[in-house]
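Take a look at the structure below.
Residue numbering restarts at 1 for every chain, and letters A, B, ... go by the order of the sequence lines. Because the structure is a prediction, the values reported are computed rather than measured. Side chains are part of it too, since the values below use all heavy atoms of this structure and drop only hydrogens, waters and symmetry mates.
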Amino acid sequence: PEKLAAFQARIDAGEKIEPKDWMPAAYRKTLIRQIGQHAHSEIVGQLPEGNWITRAPTLERKAILLAKVQDEAGHGLYLYCAAETLGVTRDEMTEMLLDGRMKYSSIFNYPTLNWSDIGAVGWLVDGAAIINQVPLQRTSFGPYARAMVRVCKEESFHARQGFDAIRKMAEGTPAQKKMAQDSVNRLWFPALMMFGPSDKDSVHSEQSMAWKIKMNTNDELRQKFVDQTVPQIEFLGLDLPDPGTKWNEERGHYDYTDPDWSEFFDVIKGNGPCNVDRLAARNKAWDDGKWVRDGLLAHARKKAAAKVAAE
Amino acid sequence: PEKLAAFQARIDAGEKIEPKDWMPAAYRKTLIRQIGQHAHSEIVGQLPEGNWITRAPTLERKAILLAKVQDEAGHGLYLYCAAETLGVTRDEMTEMLLDGRMKYSSIFNYPTLNWSDIGAVGWLVDGAAIINQVPLQRTSFGPYARAMVRVCKEESFHARQGFDAIRKMAEGTPAQKKMAQDSVNRLWFPALMMFGPSDKDSVHSEQSMAWKIKMNTNDELRQKFVDQTVPQIEFLGLDLPDPGTKWNEERGHYDYTDPDWSEFFDVIKGNGPCNVDRLAARNKAWDDGKWVRDGLLAHARKKAAAKVAAE
Amino acid sequence: MTRDEAFLQFLLRMGDNTLILGHRVSEWCGHSPVLEEDIALANTALDLIGQTQFWLGLAGEVQGNGQSADDLAFLRDVWDFRNILLVEVPNGDFGRTLMRQFLFDAWHAIQLGRLMTSSDTRVAAIAEKTSKEVAYHLERSADTVVGLGDGTEESHRRMQEALDYLWPYVGEMFQSDAVDAEMVAAGIAPDPASLRGEYDALIERILADATLTIPDSRFGHRGGRTGKMHTEHLGHLLTQMQWLQRAYPGSNW
Amino acid sequence: MTRDEAFLQFLLRMGDNTLILGHRVSEWCGHSPVLEEDIALANTALDLIGQTQFWLGLAGEVQGNGQSADDLAFLRDVWDFRNILLVEVPNGDFGRTLMRQFLFDAWHAIQLGRLMTSSDTRVAAIAEKTSKEVAYHLERSADTVVGLGDGTEESHRRMQEALDYLWPYVGEMFQSDAVDAEMVAAGIAPDPASLRGEYDALIERILADATLTIPDSRFGHRGGRTGKMHTEHLGHLLTQMQWLQRAYPGSNW
């Protein structure tokens, strides 16, 4: 309890906790869950976007999309590294993803159905992710905070590129504009759900806030996203996907319709449109790749042994 | 030797040999090879045409192509049945196809590269097959002769449909006409090769002729094909694929350029454009299907056992 | 929604189901576990494509802007398709393909039985013509599901996995909406929900023979028959199916 | 054939190789055996697509009828493509993909080295810009081929199978025709046949380290770089790659 008080004092003083520092088991556990889930989201998030790489409409768009998906794999990589400093290996976390013990962001259980979804994902999904992550640059765990700095920088770039892509659609032919509208309609509520359930239903929150693992409430961040995004939709000349959207002069914020939380919990439970296919794709990649990982490892060992023998 | 003479006498008298009749071992062996190879050709022949089923340009064309490929599988089925009367099972023949001990017609080692190839295959390949097969309706082995009657009837239908399909292309847009020309150019010489090497280089021929397993020489049949097909190409308004084609008043036949037989023997050896992929596709179908065959067999046995027990 | 608008939606649902399932089944061509299955699958695909010509042909008539069945098949994008999600999921192994076929055939046979008394004589005539084919499909797919479910340990396992994978796509066949209400009111087609009892009885019997366990979840994916949210698979299917027509528009084939 | 016609063919050969291989590699996205490989493959694909923009951009200029690199990539049919067959064969397993990459990278690196002294300054400039990327591709694919060839028994077997499967597609890189003769005469590009010695030395060294055996056949498929006979695989690839451009012509993306 003394240690605990000292730990909390360090956090309150704005100090960073580093991997070798003492930390409460629950802090460690919560961080592993949160960073792991974040890393998994980057990995699984490759799939809905990867779905359009082979159908990208121009060489330029294909290159941009490839670069984005590559960045996401990179984010996954440094997030796994950050989690590993807490004493869990990447392979352990991967196994937990693959057998369903660990989650990833539910947004990636929705399908990408037309090209404009690729723009919408960059703009809305990465946009929402940034709002979630910007405060985490100040989170108490050092490696996580530093990873977030790099991630946020790249995500902002993706969000701008996504907006540019959907803008081309919104300002394009009638069919393209219709695609853009369709994307926004389908992805709006799932994007709102990315901030998690309403504060009153959210578990884990209080302790995480005290530990500065979580910096803002879900509803605060969601409101920020709505306030930022509604004018962008209007700028694109698209209809607002939520007819309940209205500027509230008094609050100084947009009012909006709450997403259908029963859908959210359904998706979490595994019943989203793509849960099964996403996990199957990741499992297949992992299983099919076993011989490659084994082969490269065996070669590395042979080389190391030969080196030792030569010394 | 007495038996042999009696056997030959029956053949010379135009009698049919039936499965239970005595026959020389070499007759049996040659027939198994020939009928088996023919059956395999029907099966492997599904692949180049099947390649376009999912891309057929209209519902009607898709239906026609499906029906044709279904017919070919049916031909395979009765040819295997005919061969089975000679004391070899379909599974044994299949294994021999899959490990390369038995062959199939080399024409199916060429790719189908545009939609008009589907018409050209029906018209040229089935057309050549018919010329090969019509005389075989009078072959000495009863089950084979009867199978040929049915096969020839359906093949003629396919050839007419194929001509109709390529005619639509030849009379279509400039791009379609170009496709038709491209098909004819690519498939002409491989079609000529379907009749086998020139008589002077052909093995097995003499004995097979005496046994009425082979009814005409390769060159006779090839000439027939050329004489029949050249006017059709002209009717379609396409250029002749062989600049050496010329009406020979004296012979009463078209002269033509001999195909490149080194290519033919290369393809036979396994170096055709598609040999490896064709056999890989058939092997995969067979291997992936093992559990299905085993499952259905196990169920049939359980049912039979239950029936016996109930009696 | 006018009655004709609803009727068009209904026809697209019928025709897109047979079109997309026919396409999926046709992908097996030349790759089946055994020759008899190659023939049977080609035959099923052929029937389904023929039925598509009827349904989409009538849809084109009802729509009234001169679009042919081919135009509807080859020139619409994902969101315009009205097939249920079940028929667009990838074939998977042979077991999944046959299980999907069975789960669809059972519904299809019951649906066509009802449509034979449709107030619209054209619908009744199509149902009349196609129900014999579908009765045969059902007989065959049911037999195969039983044979593989009650076969070896491996075939049993694979069939149970197939059923578990496909089950969440079954519910969509029985979802009713405004289109269906309009069809019921016009006496053109039954309420989808009203088919569930007969369907459940049928598949319970067959799947029991197959020694397979129906998952007890009633959760059902939706979004295909309304077009609101197809799976990612449909778009890939269309790239193949429509490429020639898209690449060479205005040609006669 | 005029020099410009030959030059155009040469540029299409270069650009179609990188386009089609880039496409194939991009199919791995999200499905690699290990995260580092996902990143590396995406990076390779990205480089190749970027190189395609250079080569096909220049091809469009030389052709002189206003076609952009995108027009060339997305609006030609199979017969217009000039890539070697090696790059269009399906990915197969990871081993085959990496083996194909290595066999191509080795040629590509040597070819670009020669092109850096091309008499056409635009060609020399592209070669200059892209050869660093390709040197890195080669380093990486060679390392992986060695690691997997000299890894476990299974990885060795798979790499040998990959090499055996791909070997008949290697010869096409060194086939010379009238186009090449024209390029040699103009000092624009080397005779493909002249690269074989250096190539063989390079791959023999690496494949020996990988404990793999080069098949002793010299048979080589042909038909890609002339466009006369591609494999059946290219058409399927194009249905995906080109669908959007075909379905929505004249749009800006």
| Side chain, backbone, both or neither: which part of A:Leu77 has an atom under 4.5 Å from a heavy atom of chain D? | both
Show the pairs of one donor and one acceptor atom, one from chain D and one from chain A, lying under 3.5 Å apart.
from     : atom 1 : to       : atom 2 : distance (Å)
D:His23  : ND1    : A:Lys62  : NZ     : 3.1
D:Gly30  : O      : A:Arg282 : NH1    : 2.6
D:Pro33  : O      : A:Arg293 : NH1    : 2.8
D:Glu36  : OE1    : A:Arg90  : NH1    : 3.1
D:Glu36  : OE1    : A:Arg90  : NH2    : 3.4
D:Glu36  : OE2    : A:Arg90  : NH2    : 2.5
D:Asn43  : OD1    : A:Gln70  : NE2    : 3.4
D:Gln53  : NE2    : A:Glu60  : OE1    : 3.2
D:Asp70  : OD1    : A:Leu59  : N      : 2.9
D:Asp150 : O      : A:His299 : ND1    : 3.2
D:Asp150 : O      : A:Lys302 : NZ     : 3.3
D:Asp150 : OD1    : A:Lys302 : NZ     : 3.1
D:Asp150 : OD2    : A:His299 : ND1    : 3.0
D:Gly151 : O      : A:Lys302 : NZ     : 3.0
D:Gln240 : OE1    : A:Thr54  : OG1    : 2.5
D:Gln245 : NE2    : A:Pro57  : O      : 2.6
D:Asn252 : O      : A:Gln176 : NE2    : 2.7
D:Trp253 : O      : A:Arg61  : NE     : 2.5
D:Trp253 : O      : A:Arg61  : NH2    : 3.2

| query | D:Ala73 versus chain A, heavy atoms under 4.5 Å apart: side chain, backbone, both or neither? | reply | side chain
| CZ/D:Phe104 to CD1/D:Ile20 distance, rounded to the nearest 0.5 angstrom? | 11.0 Å
| said: For a quick test of reading the model, state the closest non-hydrogen atom pair linking D:Val78 to D:Gly235 and the distance between them. | reply: CG2-CA, 3.5 Å
| said: Under 4.5 Å from any heavy atom of chain D, what part of A:Ile43 do you find: side chain, backbone, both or neither? | reply: side chain
| field | Aromatic ring pairing D:Tyr169/D:Tyr165, orientation class (parallel under 30°, perpendicular over 60°, tilted between) | value | tilted
| query | How many angstroms lie between CD1 in A:Ile53 and CD1 in A:Ile118, if you round to the nearest 0.5 Å? | reply | 8.5 Å
| Between CZ on residue D:Phe102 and CD1 on residue D:Ile203, distance to nearest 0.5 Å | 6.0 Å
| field | Value rounded to 0.5 Å, distance of CG in D:Leu115 from CD1 in D:Ile126 | value | 9.5 Å
| chain D contact via A:Val292 - side chain, backbone, both or neither, heavy atoms under 4.5 Å | both
| Which atoms of A:Ala63 come close to chain D, meaning under 4.5 Å heavy atom to heavy atom: side chain ones, backbone ones, both, or neither? | both
| task | Mind listing the closest non-hydrogen atom pair of D:Thr213 and D:Leu163 along with its distance? | result | O-CD2, 3.4 Å
| query | If you tally heavy-atom pairs under 4.5 Å against chain D, which of A:Pro57, A:Ala56, A:Ala298 wins? | reply | A:Pro57
| query | Which atom names give the shortest non-hydrogen contact between A:Gly50 and D:Cys29, and what distance separates them? | reply | CA-SG, 4.3 Å
| remark: A:Ala165 and A:Gly119 have their tightest heavy-atom pair at CB-CA, 3.9 Å
| Heavy-atom distance under 4.5 Å to chain A: side chain of D:Leu48, backbone, both or neither? | neither
